[in-house]
Amino acid sequence: MNAKPRLQVYLKNLSDEKAAEVARRMPFLKKDFKVGITFLGLEERGEGQFADSGIPLTPVHVAPLPPDDLLNSLQAFSETMEEDLPDVVMAALPDPLAAAFLTAAKAAGVPLVVAEFDDHPSLISRLEELTALCFCDKILPATRNLQRAIGKTMPYLAAKADHLLPHSADTTYIQQTKDDRRRLRQNLRVDTEQKMITMIAPFDRRRDHDTLLEACALLKARGHEFILMLVGDGPERHRLTEKIYALRLEDQVAILDDPNDHLEILCATDIFALSTHFEGNNIPLLEAMAQGLAIAATDVDGISDLIRDERSGRLARPKDAESFAQALVDLLAQEKIRKKLGSVARKCIENRGNLNQFMPAFVKRVKGYLKELTEPPPAKAAKGSKAPRKKAAPPPVAPSLKKGKEAEYIQLQMKIRELWKTPAPGFGIQQAADLLDGFPLHTQVDLLEKLCHVQVEHGPLALFVRPLEKVLSDRFYLHLPLLEMRLLEQLAVFYIDLSYHEGVQKLIEQMEEYARTDLFRYHYSTSRFAGLRSHARLAQLHEFTGKTDQRDFYRLEMWEYMRPREEGESVYFHQQNAAYLEGLGEIKLAARELQKDSMGAVQLLGPVAVAHPAPEDRPVATPKVKPRALKVVSQPVPEREAEAAQ
């Protein structure tokens with residue numbers, strides 16, 4: 001009897017919603033696979049969603065310094081693969097660490113690498129994520145909307161995303177009696193006869209609590225009676241609390257901490273509301289639909305895939321308080337409508353979110369993929385025998401790396417990082433640039449971004465600037481704004497160095513337009529290093545143009561990302577900030593961060609040496625290489641006078 005193939009799943013931790021979803025899939029996966037979990041962190045084996053499950057848990061520890069460097073993660077994941085190579089690996093994107101896991105797996109020789117796609121492609125924030133998607137054998141979007149979004153934003157990957165892996169939730173329907181409802185309302189201190197609206201979501205820039213509160217203010221002004229329960233926590237909680245008092249809604253709105261188990265709150269609710277700017281995997285929405293609740297939500301991708309207006313819920317226009325208020329009025333006014341829409345929503349989720357509906361087909365499909373990749377093709381028919389019927393031509397394959405290129409990608413990263421410190425004999429910028437040939441365009445840009453950190457004095461700047469300008473002018477990342485911003489930030493360093501005033505002004509306009517959007521505000525709230533990088537570059541650009549007020553504004557904004565947001569932050573928090581700020585050229589801020597203790601208080605210890613000398617004191621490697629523009633054409637960049645003289 002053949003042994004079961006090994007399936008290794010990556011999770012960021014063992015206790016979040018994604019971990020709960022993977023735990024629900026386990027009974028189906030364990031029938032045909034020997035399943036293991038790789039996770040990031042220091043959690044004990046018995047903790048989280050997999051307590052007493054018997055599933056092997058493999059913790060991976062990533063070096064905290066240098067910060068925000070995925071090469072550390074690549075190396076850590078590669079070590080686990082070398083110890084015991086699985087047959088199949090899975091991880092959910094967008095997530096830079098999950099991308100490192102998938103890349104390490106493919107480089108180690110794992111036969112089948114599968115990427116789930118749980119959220120909108122616009123949240124891809126690292127070029128390494130695109131590289132990982134090029135490595136993957138299959139991409140499994142969670143919804144049709146995500147599948148269409150991948151086809152629109154990354155058409156070269158559409159052929160890999162030909163099947164779905166829907167989100168799941170606990171679809172057990174709880175039949176309540178009046179006594180049950182009364183007891184639940186008493187626990188929440190809500191009157192039994194009052195209509196209760198509930199929104200379960202983190203208080204962050206992704207969700208649009210402001211529009212919901214403004215809609216509730218309109219309902220109150222029009223004489224409607226209700227109670228709104230906001231369940232969650234997050235960086236925006238304090239600001240939203242102040243807004244509740246400013247709108248005089250303190251008697252209508254209550255804020256509760258997220259209990260993780262939402263069942264009791266949902267069973268006490270009449271209407272589930274979800275006001276958001278963009279959405280992906282929203283488990284509370286699925287749970288509310290499973291309980292047959294009437295839904296009022298924003299008409300955006302990720303919600304419109306589940307809710308049909310006036311059929312299984314009510315949809316409101318984004319950022320439109322009047323539209324959301326009208327959706328709530330229709331549901332508050334008539335119990336019959338609430339029950340009808342809730343019943344349709346429950347049937348919808350029973351069909352689409354039920355594991356029994358899609359997991360057997362998913363397991364069969366994965367086994368089929370693995371068989372195609374690992375078993376030799378059937379032998380050719382002997383002479384005189386009947387020729388087999390020709391199969392239809394397969395769909396066009398998304399561009400991927402040739403066999404062996406995955407390991408070369410990691411090795412080239414390591415060589416480039418060596419160039420950051422000292423030039424290696426026989427290997428310099430030109431040799432590294434030559435090795436980019438043979439990789440897909442997006443992987444070339446990924447490696448080019450790393451080459452940009454090599455310290456050079458003159459000449460080779462053209463090697464970096466013109467390809468970056470070409471990629472940006474051709475809008476390769478038009479639908480991936482976080483990646484476009486990353487390249488703009490890199491270009492800012494070169495424009496300042498080249499004293500290119502016109503280019504600097506254009507960069508300021510583009511970067512400030514991006515930084516004001518909800519997408520970037522949300523991204524900065526989830527990645528402090530992204531916030532530090534963007535605001536540091538904008539401060540440096542304004543300093544170059546002489547606008548000290550704007551420079552000081554962005555430097556003040558940087559402090560928001562240099563203070564711990566949660567209890568139990570890493571003991572390396574301030575060291576990571578210092579190392580990152582030093583890499584951005586903010587030497588004084590880096591030294592100040594190194595003087596902070598674990599509580600964030602500044603210790604007056606006198607001058608503190610940073611990890612490396614300041615850029616003006618640092619010896620600069622100037623390899624004599626011929627500038628190469630990677631066969632692109634762009635507008636000429638003005639050279640400094642000293643360089644022109646040379």
Side-chain angles (χ1 to χ4, degrees), residues 1-11 18 21-38 55 85-94 98-99 101-102 105-106 109-119 121 132-151 154 156-169 171 280-281 286 305-306 349-378 391-400:
M1 184 176 177
N2 293 333
K4 292 180 179 179
R6 282 197 57 230
L7 168 63
Q8 198 72 12
V9 181
Y10 167 78
L11 292 172
K18 186 62 187 178
E21 184 171 24
V22 171
R24 286 192 292 270
R25 296 173 183 168
M26 281 302 164
F28 300 90
L29 296 173
K30 289 168 73 174
K31 291 179 183 178
D32 294 274
F33 296 97
K34 184 181 177 183
V35 187
I37 301 291
T38 298
I55 296 171
L85 192 70
D87 300 290
V88 186
V89 298
M90 288 182 64
L93 297 175
F101 175 76
L102 296 172
K106 199 65 179 177
V110 174
L112 178 59
V113 175
V114 180
E116 291 184 67
F117 215 92
D118 280 356
D119 221 329
L133 288 169
C134 288
F135 276 114
C136 288
D137 300 294
K138 287 292 175 183
I139 301 171
L140 301 175
T143 65
R144 293 289 179 196
N145 268 340
L146 285 177
Q147 190 178 40
R148 287 190 288 269
I150 290 172
M154 300 174 286
Y156 45 89
L157 296 173
K160 294 183 179 182
D162 54 349
H163 288 95
L164 303 182
L165 180 56
H167 297 311
S168 65
T171 57
N281 179 16
L286 301 180
D305 207 43
L306 292 169
I349 206 61
E350 283 177 352
N351 292 331
R352 299 178 60 178
N354 192 334
L355 291 162
N356 292 310
Q357 297 286 336
F358 62 83
M359 278 305 295
F362 165 71
V363 170
K364 183 179 179 182
R365 197 177 300 125
V366 170
K367 290 174 68 178
Y369 294 151
L370 186 60
K371 185 176 180 180
E372 289 176 11
L373 291 168
T374 56
E375 292 190 4
K391 293 184 178 179
V397 178
S400 58

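Values below: every heavy atom of this structure, side chains too, minus hydrogens, waters and symmetry copies. FYI, the numbering just counts along the sequence from 1.
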Rounded at 0.5 Å granularity, tell me how far [atom1] in [X] sits from [atom2] in [Y].
{"X": "L93", "Y": "F117", "atom1": "CG", "atom2": "CZ", "answer": "6.0 Å"}
{"X": "L11", "Y": "T38", "atom1": "CG", "atom2": "OG1", "answer": "8.5 Å"}
{"X": "I139", "Y": "D162", "atom1": "CD1", "atom2": "CG", "answer": "9.5 Å"}
{"X": "R24", "Y": "H167", "atom1": "CZ", "atom2": "NE2", "answer": "11.0 Å"}
{"X": "L112", "Y": "E372", "atom1": "CG", "atom2": "CD", "answer": "10.0 Å"}
{"X": "R365", "Y": "L140", "atom1": "CZ", "atom2": "CG", "answer": "7.5 Å"}

Practice task
State which residues pass ring-ring contact (aromatic ring centres under 6.0 Å, His included) with Y10; sequence neighbours excluded, sorted by chain then number.
Solution key: F77, F101

Would you indicate whether the side-chain heavy atoms of [Y] and [X] approach each other to under 4.5 Å?
{"X": "L7", "Y": "P86", "result": "no"}
{"X": "L165", "Y": "M90", "result": "yes"}
{"X": "K138", "Y": "V113", "result": "no"}
{"X": "K160", "Y": "I150", "result": "no"}
{"X": "L102", "Y": "C136", "result": "yes"}

Let me check something: any side-chain donor-acceptor pairs from residues 26-34 under 3.5 Å, sequence neighbours excluded? List them with distances.
from : atom 1 : to   : atom 2 : distance (Å)
K30  : NZ     : S53  : O      : 3.4
D32  : OD1    : K367 : NZ     : 3.0

Problem - Q8 side-chain N/O to V88 backbone N/O, donor-acceptor pair under 3.5 Å - result: no

Please name the pair of heavy atoms, one in [X] and one in [Y], separated by the smallest distance, quoted to 0.1 Å.
{"X": "P121", "Y": "M154", "answer": "CB-CE, 3.9 Å"}
{"X": "R144", "Y": "D305", "answer": "N-OD2, 3.3 Å"}
{"X": "P141", "Y": "L146", "answer": "CB-CB, 4.0 Å"}
{"X": "A158", "Y": "G151", "answer": "CB-CA, 4.1 Å"}
{"X": "L355", "Y": "P360", "answer": "O-CD, 3.7 Å"}

Exercise for the section: Using the test salt bridge (charged side-chain N to carboxylate O under 4.0 Å, His left out), find all partners of K364 that sit at least two apart in sequence or belong to another chain. Expected result: none

Fill in the blank from the handout: K18 meets the salt bridge (charged side-chain N to carboxylate O under 4.0 Å, His left out) criterion, sequence neighbours left out, with E21, E116, D118

Handout entry: Residues forming a side chain to side chain contact (heavy atoms under 4.5 Å, CB included) with D119, sequence neighbours excluded
Key = P94, L123, R206

Exercise for the section: Please name all residues satisfying side chain to side chain donor-acceptor pair (under 3.5 Å) with D87, sequence neighbours left out, ordered by chain then number. Expected result: none

